[in-house]
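By convention in this document, chain letters (A, B, ...) are assigned in the order of the sequence lines, proteins followed by strands, and residues within each chain are numbered from 1. What you are looking at is a predicted structure, and each value in this text was computed from that prediction instead of being measured.
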There are 2 protein chains.
Amino acid sequence: MPRLEKDEAAVLLDRFRRYLKDHHHPVTRQRDLVAEVVFLSGGHLSVEEIQRRLTDQGETVGLATIYRTLEVLVKSGLVRAHDFGQGFRRYEAMSTQADHEHLICVRCGRVDEFANERLERMLGIIADEQQFQHQRHRVEIYGVCRDCQRKDFTQ
Amino acid sequence: MPRLEKDEAAVLLDRFRRYLKDHHHPVTRQRDLVAEVVFLSGGHLSVEEIQRRLTDQGETVGLATIYRTLEVLVKSGLVRAHDFGQGFRRYEAMSTQADHEHLICVRCGRVDEFANERLERMLGIIADEQQFQHQRHRVEIYGVCRDCQRKDFTQ
DNA sequence: TTGCCTGCAAAGTATTTGCATAACA
DNA sequence: TGTTATGCAAATACTTTGCAGGCAA
């Protein structure tokens with residue numbers, strides 16, 4: 001599971017600040033805080049989880065501001081939005097790592113990642129065959145994660 | 001693009017009626033109407049589109065009833081629900097055809113299908129490698145469809 | 001100083017639920 | 001006749017928007 005290093009989070013945060021400046025958007029305390037939480041986590045956070053982490057840090061940022069900051073982060077290309085069909089979105093830092101896809105546990109909701117070059121290539125070829133101009137794709141495998149399989153045995 | 005034949009729609013409707021009877025759920029006019037629209041279309045309909053088609057037929061079915069009927073249809077296994085990240089769900093008849101994946105046009109929202117056995121096999125293997133118990137998956141390719149590419153040229 | 005940001009509350013969108021009435025078996 | 005469905009309206013969950021006041025450049 002690729003978790004972002006503290007160094008990488010710092011790099012991303014720097015890029016975000018530069019992005020804001022380049023686009024004449026003020027760099028504010030709230031934007032910094034939200035971005036930092038997403039970059040440091042490296043996981044797939046919901047807005048609720050982001051707000052909880054901020055609260056745990058003793059910071060208060062309004063929900064609307066979190067949503068608005070995430071919008072900017074997505075536009076900047078530093079964060080990616082996901083909809084895993086759970087009724088809300090999840091946000092993920094776009095580190096320098098390669099493209100990856102997701103494994104979603106239907107029991108516990110945990111989201112893991114995997115990367116597979118052959119798969120990526122195959123999708124490009126399939127799109128070509130259909131004369132479809134490929135931009136991006138989404139591959140999600142739903143099932144039971146290792147931990148939840150273990151629980152089946154225990155019980 | 002596999003569109004369902006009228007005959008196949010009739011078969012599916014029959015199965016749905018039997019499913020209702022087997023589960024001691026009344027077969028009502030509204031359930032019949034909603035199921036028929038989905039089975040005959042063969043596409044990927046939103047609830048709004050389903051209601052519009054019913055209205056066009058001169059039938060009035062309440063929104064809540066459409067949602068409740070779709071829930072039963074999904075439980076019966078005759079219809080599949082999709083979330084293509086457009087802010088609402090789409091529903092598709094599960095014909096006898098093989099598993100397939102989707103191509104979603106980011107311009108016009110059109111949804112096309114493709115089937116690829118090698119891809120299906122590869123996903124099973126990837127899940128195994130990750131010790132993940134594969135149940136189902138979702139592969140979506142986002143980009144520009146043939147028609148919208150053509151429009152680029154014209155303009 | 002000027003303009004964009006923030007937080008609150010209100011609005012919005014897709015979907016679900018409660019309840020009185022109506023339809024199926 | 002006894003369930004269960006239906007339709008309306010209200011509720012819900014997540015997200016977006018309007019606006020008055022507050023920071024960043």
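Nucleic acid contact class of A:Y67 (heavy atoms, under 4.0 Å, all strands): base.
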### Query
If the sugar-phosphate is the primed atoms plus P, OP1 and OP2 and the base is the rest, what is the B/S/- string for nucleotides 19-25 of chain C, using protein heavy atoms under 4.0 Å?
-----SS
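Just one residue in the list A:H82, A:R89, A:R110, A:E113 forms a side chain to side chain donor-acceptor pair (under 3.5 Å) with A:H44, and that residue is A:E113. Screening B:E140, B:E49, B:E48 against B:R90 for a salt bridge (charged side-chain N to carboxylate O under 4.0 Å, His left out) leaves a single residue, B:E49.
Across the interface with DNA chain C, nearest-nucleotide mapping of B:A64 and B:Q86 shows B:Q86 to be the residue nearer the 5′ end.
As a whole-Å value, the separation of A:F88 CZ from C:dT13 C1' is 18 Å. Following rounding to the nearest Å, B:L70 (CG) and C:dT15 (P) show an atom-to-atom distance of 10 Å. A straight line from CD1 of A:I66 to P of C:dC8 spans 11 Å, rounded to a whole angstrom. Spacing between atom CD of B:E48 and atom P of C:dA14 amounts to 7 Å, rounded to whole angstrom units. For B:E49 and C:dT15, the CD to C1' distance is 17 Å, given to the nearest whole Å. What separates CG of A:L33 from C1' of C:dT6 is a distance of 13 Å, to the nearest Å. At whole-Å resolution of the value, CD in B:E71 and P in C:dA14 are 19 Å apart. Across the protein-nucleic acid pair, B:Q51 atom CD and C:dA14 atom P stand 12 Å apart, rounded to whole Å.
Looking at B:Q149, its side chain does come within 3.5 Å of a backbone N or O of A:Q131 through a donor-acceptor pair. A donor-acceptor pair under 3.5 Å is formed between the side chain of A:R31 and the backbone N or O of A:P26. Without hydrogens or angle criteria, A:T69 side chain to A:T65 main chain gives a donor-acceptor distance under 3.5 Å.
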### Task
Using the side chain to side chain contact (heavy atoms under 4.5 Å, CB included) rule, take B:L45 and B:R53 through it: C-alpha gap first, then chi angles, then the decisive distance, then the call.
CA-CA 10 Å; B:L45 300 179; B:R53 293 195 186 205; 3.6 Å; yes
### Task
Could you check A:H102 against A:F84 for ring pair (Phe, Tyr, Trp, His ring centres under 6.0 Å), going step by step and ending with a plain yes or no?
CA-CA 10 Å; A:H102 297 96; A:F84 294 129; 5.3 Å; yes
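Between A:D112 and A:I104 the shortest side-chain heavy-atom distance does not fall below 4.5 Å.
Classified by interplanar angle (parallel below 30°, tilted 30° to 60°, perpendicular above 60°), the ring pair B:Y19/B:H25 is tilted.
Bounding nucleotides for the chain A contact on DNA chain D, 5' to 3', at a heavy-atom distance below 4.0 Å, are D:dC14 to D:dA25.
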